[in-house]
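Report on the following structure.
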Amino acid sequence: MTLLRKLDDDWLTTAAEWLAAEENYRWLDFGGDTQILTPLLLKVMAQRDTHYLRLFAPRENARPIGLVGLSDISPWFKTATLWYVLGDKTYSARGHTTRAVLELLDHGFGRLGLQAITAWAVEINVASIRVLEKVGFRPIGRRRCCHRLGDRYLDRLLFDLLAHEHRSTACLKASNR
C-alpha cells in the first residue's frame, strides 16, 4: 500500500531536487519551456487551485519517495492532467508509483468530481506508459516530434481516463484477494 500526503514546506526542497534531476525532468513539461521547478515555483504551484500535488511513500516507510500531481484542473470542464515522478529510484519496479497514481485518481474522480483526466508520456518512456496502462488509461493519439531530448525530437503519446472507466483502489484490492 502507498501513503499520499500533502506537499509541505519540509519536503519542498527534496521534491524540487527530484524534479531537477535530469533522469526525471527530461520527461516533464510544466509549460513555458519550464522543465525544472525550483522549491519556490513548486510551492507557488502547490498553493494554486489548478494543481493538486501529493507526496507518496510506501506504508512501511513514512519517508516520501515520489510526487504525483493533477495539474490544469478545470472545475468548469471537470478535467485535469496527471503527472508523476518517482524520486527515489531504489523503489523502481515495485508498484509504488502505480498505487500512488490510483489513489490520486480516486481523489480526482471522487472528491474533485472530475469527469476526464488526461496524461501523456514520451514514446520511449516505457515505465511511464506501463503505469498509465496499469491504471486504466486508454491511448487517444500522439503529438508528433514535440518533445525534445537533447538533439532529438520525439512523440508524446496521449492518454485519457473517464470517470466511469476508473476502477478505484478499493475495487482493485477486492479483485486481488
Side-chain angles (χ1 to χ4, degrees), residues 1-21 23-25 27-31 34-75 78-121 125 127-128 130-137 159 161 163 166-176:
M1 200 62 214
T2 303
L3 176 67
L4 293 186
R5 73 181 215 208
K6 190 173 182 177
L7 176 61
D8 57 26
D9 288 344
D10 294 339
W11 285 94
L12 276 171
T13 300
T14 301
E17 287 171 358
W18 293 335
L19 295 171
E23 64 190 358
N24 295 325
Y25 78 72
W27 308 116
L28 302 171
D29 177 0
F30 292 104
T34 302
Q35 282 185 289
I36 299 175
L37 296 177
T38 64
L40 179 60
L41 284 172
L42 190 57
K43 182 175 184 164
V44 169
M45 190 173 163
Q47 293 172 342
R48 298 193 62 211
D49 291 341
T50 56
H51 302 283
Y52 183 83
L53 309 179
R54 290 294 181 261
L55 295 164
F56 66 92
R59 287 224 188 260
E60 67 275 4
N61 175 6
R63 183 174 176 78
I65 61 171
L67 185 66
V68 290
L70 292 172
S71 290
D72 303 321
I73 298 171
S74 171
K78 299 194 177 299
T79 59
T81 300
L82 168 74
W83 61 275
Y84 41 88
V85 170
L86 177 63
D88 185 342
K89 300 300 188 229
T90 61
Y91 288 88
S92 292
R94 296 189 197 176
H96 295 295
T97 304
T98 300
R99 286 189 292 279
V101 167
L102 279 168
E103 289 184 34
L104 187 69
L105 293 173
D106 286 351
H107 182 81
F109 289 123
R111 289 212 159 171
L112 298 179
L114 299 176
Q115 290 301 305
I117 298 177
T118 60
W120 58 265
N125 190 346
S128 186
R130 287 191 41 87
V131 167
L132 293 171
E133 291 171 343
K134 284 180 189 177
V135 300
F137 276 78
F159 297 85
L161 181 64
H166 173 58
R167 293 181 57 202
S168 72
T169 53
C171 291
L172 291 173
K173 286 178 202 170
S175 69
N176 287 335

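Keep in mind it's a predicted model, so treat the numbers as computed, not measured. Positions are given from 1 along the sequence.
Put simply, CG on Leu114 and CG on Leu105 are 9.5 Å apart, with the number rounded to the nearest 0.5 Å. Of the inter-residue distances, the one linking Ile117 atom CD1 with Asp72 atom CG reads 12.0 Å to the nearest 0.5 angstrom. Taken to the nearest 0.5 Å, the CG atom of Leu70 stands 10.5 Å off from the NE2 atom of His51. Here Ile73 contributes atom CD1 and Arg48 contributes atom CZ; the two are 11.0 Å apart, rounded to the nearest 0.5 Å. Rounded to the nearest 0.5 angstrom, Tyr52 OH and Met45 CE are separated by 14.0 Å. A distance of 8.5 Å separates OG1 in Thr98 from CZ in Arg130, rounded to the nearest 0.5 Å.
Ala121 and Leu132 get closest at one heavy-atom pair: CB-CD1, 4.3 Å. Ala100 and Leu4 get closest at one heavy-atom pair: CB-CD2, 3.9 Å. Contact between Leu7 and Ala15 at its shortest, heavy atoms only, is CD1-CB, 4.0 Å. Taking every heavy atom of both residues into account, Arg99 and Arg94 meet most closely at NH2-O, 3.2 Å.
At least one cation-pi condition fails for Arg54 and Phe56: the charged atom is not both under 6.0 angstrom from the six-membered ring centre and inside a 45 degree cone around its axis.
Looking at heavy atoms from C-beta onward, Trp120 lies out of side-chain contact with Thr118 at the 4.5 angstrom threshold. Side-chain contact between Gln115 and Thr79 is absent, with no heavy atoms from C-beta onward closer than 4.5 Å. No side-chain heavy atom of Leu104 sits less than 4.5 Å from a side-chain heavy atom of Trp83.
Using modelled atom types, one side-chain atom of Asn24 and one backbone atom of Trp18 make a donor-acceptor pair closer than 3.5 Å. A donor-acceptor distance shorter than 3.5 angstrom exists from the side chain of Ser92 to the backbone of Lys89, with no hydrogens or angles considered.
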Original post:
Can you check side-chain contact (heavy atoms from CB on, under 4.5 Å) on Leu102 and His166, steps first, answer last?
Top reply: CA-CA 9 Å; Leu102 279 168; His166 173 58; 4.2 Å; yes
Original post:
Do Phe109 and Leu161 pass the side-chain contact (heavy atoms from CB on, under 4.5 Å) test, and can you show the C-alpha distance, the side-chain angles, and the key distance before you say yes or no?
Top reply: CA-CA 10 Å; Phe109 289 123; Leu161 181 64; 3.8 Å; yes
Original post:
Does the side-chain contact (heavy atoms from CB on, under 4.5 Å) test come out yes or no for Trp11 and Lys6, once each step is laid out?
Top reply: CA-CA 9 Å; Trp11 285 94; Lys6 190 173 182 177; over 6 Å; no
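A side-chain donor-acceptor contact under 3.5 Å links Ser128 and Tyr84.
Classified by interplanar angle (parallel below 30°, tilted 30° to 60°, perpendicular above 60°), the ring pair Tyr91/His96 is perpendicular.
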